[in-house]
2 protein chains.
Amino acid sequence: MPHTGRTSPGRQLEHPEAAQIRLESVLSALADPVRLRIVSDLARGHEDMACISFELPVSKSTSTHHFRVLREAGVIRQYYEGTSRMSRLRSEELEECFPGLMEAVLRAQGVQV
Amino acid sequence: MPHTGRTSPGRQLEHPEAAQIRLESVLSALADPVRLRIVSDLARGHEDMACISFELPVSKSTSTHHFRVLREAGVIRQYYEGTSRMSRLRSEELEECFPGLMEAVLRAQGVQV
DNA sequence: CTCGTAGTACGAAGATTGTCAAACCATGCT
DNA sequence: AGCATGGTTTGACAATCTTCGTACTACGAG
């Protein structure tokens with residue numbers, strides 16, 4: 001099977017554009033311990049991690065739910081890589097929309113920024 | 001009744017100490033349009049405003065609820081002044097706990113910081 | 001003392017949220 | 001083809017949240 005060395009198509013994932021990211025949604029997304037931990041882990045150099053490698057204290061479906069909330073709020077970007085789904089922080093875009101916000105949140109979480 | 005020129009005792013209002021303020025609670029408190037607006041109004045120079053002068057698009061009881069959420073999260077400090085209740089941002093303490101957080105949120109709300 | 005004003009307390013209704021299990025789908029490997 | 005793995009979907013449930021109206025309390029003014 002031809003594999004161009006790129007990501008498989010998979011299903012399309014909805015992402016808001018940078019301009020559509022709303023502060024309220026971002027704050028809401030970050031106001032949960034599980035999601036705050038996901039974000040911290042991503043910021044702690046674990047960019048492009050598969051969902052499974054987060055070892056969250058919740059079930060698979062709950063995990064899916066939290067990643068979706070983060071994605072739809074515009075906090076992370078996700079893409080398929082084979083059978084797993086990778087996530088990364090949308091740092092630059094968030095910095096553009098809400099300068100200093102993520103940095104403040106991450107620092108409050110004890111993440112080296 | 002002797003009136004020393006100070007605030008009336010009123011009922012005691014619960015406020016978390018600076019060290020007890022949790023990031024998650026603050027984010028949660030800010031993740032609501034009504035409360036975000038209260039905070040913005042307070043930051044926009046309307047320090048020490050009585051609840052009533054906010055002209056919020058909700059009923060009195062709902063208003064009380066939102067102010068309490070903000071107070072219990074440690075975002076605002078409230079005290080009685082006669083029959084009305086004054087509120088002010090706990091800016092310094094928040095800056096101590098989560099440097100840059102409020103500033104980022106307020107700027108995202110278009111408030112001059 | 002009486003009245004008006006500012007706010008609180010107490011349900012209650014309705015929406016949203018976090019959680020799970022079970023069934024399902026997609027990809028990659030053998 | 002068949003299977004294992006990683007993730008999704010659906011439906012359910014309990015907890016929490018936002019909202020309201022009504023009844024109540026506290027203070028100040030007349």
Side-chain angles (χ1 to χ4, degrees), chain A residues 1-15 22 24-39 48-73 76-87, chain B residues 1-15 22 24-38 48-73 75-87:
Chain A
M1 160 237 312
H3 190 294
T4 60
R6 298 302 326 226
T7 304
S8 312
R11 199 157 86 39
Q12 282 303 81
L13 291 171
E14 302 275 328
H15 289 86
R22 292 181 318 134
E24 200 189 307
S25 305
V26 172
L27 292 174
S28 201
L30 297 176
D32 175 278
V34 175
R35 294 193 290 262
L36 213 37
R37 174 165 154 190
I38 292 174
V39 169
D48 300 315
M49 273 172 65
C51 292
I52 194 131
S53 43
F54 285 86
E55 302 194 12
L56 300 172
V58 292
S59 73
K60 274 198 302 178
S61 32
T62 303
S63 196
T64 295
H65 164 69
H66 286 304
F67 277 97
R68 177 166 44 188
V69 172
L70 286 171
R71 174 166 45 82
E72 291 181 345
I76 65 175
R77 189 171 287 284
Q78 296 187 291
Y79 56 96
Y80 285 97
E81 184 95 10
T83 168
S84 50
R85 190 140 98 172
M86 301 303 183
S87 301
Chain B
M1 163 234 308
H3 191 294
T4 60
R6 298 301 326 226
T7 303
S8 312
R11 202 159 82 43
Q12 281 304 82
L13 290 173
E14 302 274 329
H15 289 88
R22 293 181 318 132
E24 200 189 306
S25 305
V26 172
L27 293 175
S28 203
L30 297 176
D32 176 278
V34 176
R35 294 193 292 263
L36 211 38
R37 174 164 154 190
I38 292 173
D48 302 314
M49 271 172 66
C51 292
I52 193 128
S53 41
F54 285 86
E55 302 195 10
L56 300 172
V58 292
S59 72
K60 273 199 305 180
S61 31
T62 302
S63 196
T64 294
H65 163 69
H66 286 303
F67 277 98
R68 175 165 44 189
V69 172
L70 286 170
R71 173 166 45 82
E72 292 181 346
V75 178
I76 65 176
R77 189 170 288 283
Q78 295 187 291
Y79 57 95
Y80 285 96
E81 184 94 9
T83 168
S84 51
R85 189 140 98 172
M86 299 304 183
S87 301

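The structure presented is a predicted model; accordingly, all values stated were derived computationally and were not measured. Throughout, protein chains are lettered first and strands after them, A, B, ... in sequence-line order, and every chain is numbered starting at 1.
For the pair B:F67 CZ and D:dT19 P, the interatomic distance rounds to 13 Å; values are reported in whole Å. Rounding to whole angstrom units, CG of residue A:L27 and C1' of C:dT17 are separated by 17 Å. One atom, CZ of A:F54, and another, P of D:dG6, lie 14 Å apart when rounded to the nearest Å. The nearest whole Å value for the distance from the CG atom in B:D32 to the P atom in C:dT17 is 12 Å. As a whole-Å value, the separation of A:E55 CD from D:dG6 C1' is 15 Å. The distance from atom OH of A:Y79 to atom C1' of C:dT27 is 16 Å, rounded to the nearest whole Å. Remark: C1' of D:dG7 and CD of A:E81 are 15 Å apart, rounded to the nearest angstrom. Distance B:L70 CG to D:dC17 P: 13 Å, rounded to the nearest Å.
In this structure, the nucleotide among D:dA26, D:dT19, C:dA22 sitting nearest to the side chain of A:S61 is C:dA22. Relative to the side chain of A:R85, the nucleotides D:dT5, D:dC20, D:dT8 differ in distance, and D:dT8 lies closest. Comparing C:dA9, D:dA26, C:dA26 by their nearest atom to the side chain of A:T83 picks out C:dA26. Relative to the side chain of A:H65, the nucleotides D:dT9, C:dG18, D:dG7 differ in distance, and C:dG18 lies closest. Checking C:dG18, C:dA6, D:dT8 against the side-chain heavy atoms of A:K60 singles out D:dT8 as nearest.
Side chain of A:R37 to backbone of A:F54: a donor-acceptor contact under 3.5 angstrom is found.
Taking the side chain as every heavy atom from C-beta outward, A:H66 and A:T62 approach each other to under 4.5 Å. With contacts defined as side-chain heavy-atom distances shorter than 4.5 Å, the pair A:R35/B:E24 does not qualify. Side-chain contact between A:L13 and A:R85: present, with at least one pair of heavy atoms (C-beta onward) separated by less than 4.5 Å.
Here the options are A:L36, A:V69, A:I38, the test is side chain to side chain contact (heavy atoms under 4.5 Å, CB included), and the partner is A:L30; only A:L36 passes.
A:T64 comes within 4.0 angstrom of a nucleotide base, judged by non-hydrogen atoms across all strands.
Of the side-chain N and O atoms in B:S59, one or more sit less than 4.0 angstrom from OP1 or OP2 of D:dC20. Residue A:R68 places no side-chain N or O under 4.0 Å from the OP1 or OP2 atom of D:dG7.
Residue whose closest nucleotide on DNA chain C sits further toward the 5' end, between A:V69 and B:S84: B:S84.
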